[in-house]
2 protein chains.
Amino acid sequence: MKGPKRSLDVSKIVNAVMELLDEEPAAAPTLRGVAARLGVRPNTLYTYVPDRVALEGVVVEHLLELAGPAALAGGTPWRERITGYALRLRAELLSRPGVVPFFFSGPMNGPNAVMVGEGLLAAFTEGGLRPDDAARAAYAVIVHVLGSAALAAADLPGPGTSEAETLEARRTALAAGPPLTAATAATAAAWNSPEQAEWGINRLIDGCVRSLR
Amino acid sequence: MKGPKRSLDVSKIVNAVMELLDEEPAAAPTLRGVAARLGVRPNTLYTYVPDRVALEGVVVEHLLELAGPAALAGGTPWRERITGYALRLRAELLSRPGVVPFFFSGPMNGPNAVMVGEGLLAAFTEGGLRPDDAARAAYAVIVHVLGSAALAAADLPGPGTSEAETLEARRTALAAGPPLTAATAATAAAWNSPEQAEWGINRLIDGCVRSLR
DNA sequence: ACCTGAACACCGTTCAAGT
DNA sequence: ACCTGAACACCGTTCAAGT
């Protein structure tokens, strides 16, 4: 048995990124950090990946997969498939906030992105939308879930602070704001909660279904 | 007339950021770049701003203002006020893609953010929503417009490529994809267009209004 | 073909020092 | 109070060189 010609491949690099995120979920992985974890020099990674954006794209593909796009294909009612995937993806991202910027650093056109798109299209079609509306609806859902995840990640408390006290501080601040804001401070303070993300996605789907006529 | 005690203030710093964005809209402004443009050492900025995230927060506030939040308060039908502000904000961001990440680097709780929230609340209330639903709807709109802007910015072609050929390349790629994707390739390829952003926001508002009952 | 050594041109941030 | 000099600990990326 002769030794391996190469010690690395792209999937090992992605694994290293995921391990870094496991250890420090809020820290954005860097090429140098990934290389160090693999016991290799930073420039070695350029043998496998053209640049940082490309590596981030591969990680994005991995996360789209992690959220279980296969479940989009069928089995449960169409609407649950959509909200299910959307909320699973959001949860995966928010359990690793450091990865969120990766979704906004380049076009999202890998095979898993296409598969997710196809699954959402199928679900919306099953929901009664015409093809073009289904396409618009599918991408609107992606926009919403990624926007929600990104804003929630930006709002995460630093290591010193608990989520509850951040929430309470915000509620108090909003209660001192203009009238309508003050009157809804408790709701508004939790605007980055999973519950409100679910509410938003459901309203979006409601609106899409309504455009059936 | 004695010389000024300080040569700088926060608004001059924000101006410098905006000038950098005017010159190179896709480049993310840096503290060092801003300092250089002001003819000052990088660490000088720490007299005016505690760190990079805080500076970005001030720039975010400036952009929320640029999109004209005052027009949210009244004058036109409630629904146009919402879509108008949302699409103006999106356009401001996409004419300066380098600033987009600033919206995701920290909590968005400045006075203009509160004012925008209040304006959206007023509009949705006028549209017939109960206060808590209006609050959820207001923030869902923000989520959607910022998500849309961020994904569109990530999809922008590099300096070498035109928008039209990027679109055409994507359409061709999607046409070779799975069946539903292929059937809607023309629509799907333009998923980051302003038209589809407007479609998405309108569907979201539709869905919110429907939750009146 | 794969990996390294060394360098380049950057970052944000700190701290003691000058005025 | 404001700004600087100098340094620290980082980045992504390149290129020639070694195996």
Side-chain angles (χ1 to χ4, degrees), chain A residues 1-17 20-21 23-24 26-60 97-106 154 158-160, chain B residues 1-17 20-21 23-24 26-60 97-106 154 158-160:
Chain A
M1 56 177 90
K2 49 195 169 81
K5 283 192 66 171
R6 36 163 88 205
S7 59
L8 256 45
D9 57 43
V10 175
S11 82
K12 282 209 185 84
I13 296 178
V14 172
N15 280 348
V17 172
L20 290 176
L21 287 165
E23 288 171 10
E24 220 164 336
T30 65
L31 288 182
R32 295 182 98 106
V34 173
R37 162 162 282 267
L38 293 165
V40 109
R41 303 292 167 191
N43 47 4
T44 301
L45 300 180
Y46 287 84
T47 301
Y48 301 93
V49 122
D51 57 21
R52 207 188 105 231
V53 169
L55 171 57
E56 294 182 356
V58 181
V59 175
V60 164
V99 87
V100 169
F102 289 18
F103 281 77
F104 302 105
S105 68
Chain B
M1 57 176 89
K2 48 192 168 80
K5 282 193 67 173
R6 38 164 86 205
S7 57
L8 255 45
D9 57 42
V10 175
S11 81
K12 283 211 183 82
I13 295 177
V14 172
N15 280 347
V17 172
L20 290 177
L21 287 165
E23 287 171 11
E24 221 164 336
T30 65
L31 287 182
R32 296 182 98 105
V34 173
R37 163 161 281 267
L38 292 166
V40 109
R41 305 290 167 192
N43 48 4
T44 302
L45 300 180
Y46 288 84
T47 301
Y48 301 92
V49 121
D51 57 21
R52 206 190 105 231
V53 169
L55 170 57
E56 295 183 356
V58 181
V59 175
V60 164
V99 86
V100 169
F102 290 18
F103 281 77
F104 302 106
S105 68

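Note: hydrogens, waters and symmetry copies are ignored here, and every other heavy atom, side chains too, is used. Lettering of chains follows the sequences in order, A, B, ..., and the numbering in each one begins at 1.
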Sorted by chain and number, sequence neighbours left out, side chain to side chain donor-acceptor pair (under 3.5 Å) with Arg37(A) holds for Glu19(A), Glu23(A)

Student check: side-chain heavy atoms of [X] and [Y] closer than 4.5 Å:
X: Thr44(A); Y: Leu38(A); result: no
X: Asp9(A); Y: Lys12(A); result: yes
X: Val49(A); Y: Ile13(A); result: no

Would you tell me if any nitrogen or oxygen in the side chain of Thr44(B) comes within less than 4.0 Å of OP1 or OP2 on dT4(D)? yes

Under 4.0 Å from OP1 or OP2 of dC3(D): is there any side-chain N or O of Ser7(B) that close? yes

Distance check, C1' atoms only: dC8(C) and dC10(D), in whole angstrom units. 15 Å

Paired stretches of DNA chain C - 3 or more consecutive Watson-Crick or G-U pairs, each distance under 3.5 Å: C:4-8 with D:12-16, C:12-16 with D:4-8

Where do N or O atoms of nucleotides 11-18 of chain C meet protein N or O atoms at under 3.5 Å, pair by pair?
residue, atom, partner, partner atom, Å
dC11(C), OP1, Thr30(B), OG1, 3.2
dG12(C), OP1, Leu31(B), N, 3.0
dG12(C), OP2, Leu31(B), N, 3.2
dG12(C), OP2, Arg32(B), N, 3.2
dG12(C), N7, Arg32(B), NH1, 2.7
dG12(C), O6, Arg32(B), NH1, 2.9
dT13(C), OP2, Tyr46(B), OH, 2.8
dT13(C), OP2, Arg52(B), N, 2.9
dT13(C), O5', Tyr46(B), OH, 2.9
dT14(C), O4, Asn43(B), ND2, 3.3

Just the rounded figure in Å: distance from C1' of dT4(D) to CG of Leu38(B). 15 Å

Scanning both residues in full, the closest heavy-atom pair of Val60(A) with Phe103(A) reads CG1-CE2, 3.5 Å

If every non-hydrogen atom of Ala154(B) is compared with every non-hydrogen atom of Ser105(A), which pair is closest and at what distance? CB-N, 4.1 Å

Interatomic distance, CD@Glu56(A) vs CG@Asp51(A), rounded to 0.5 Å, equals 9.0 Å

Gap separating the CG atom of Leu45(B) from the CZ atom of Arg52(B), nearest 0.5 angstrom: 13.0 Å

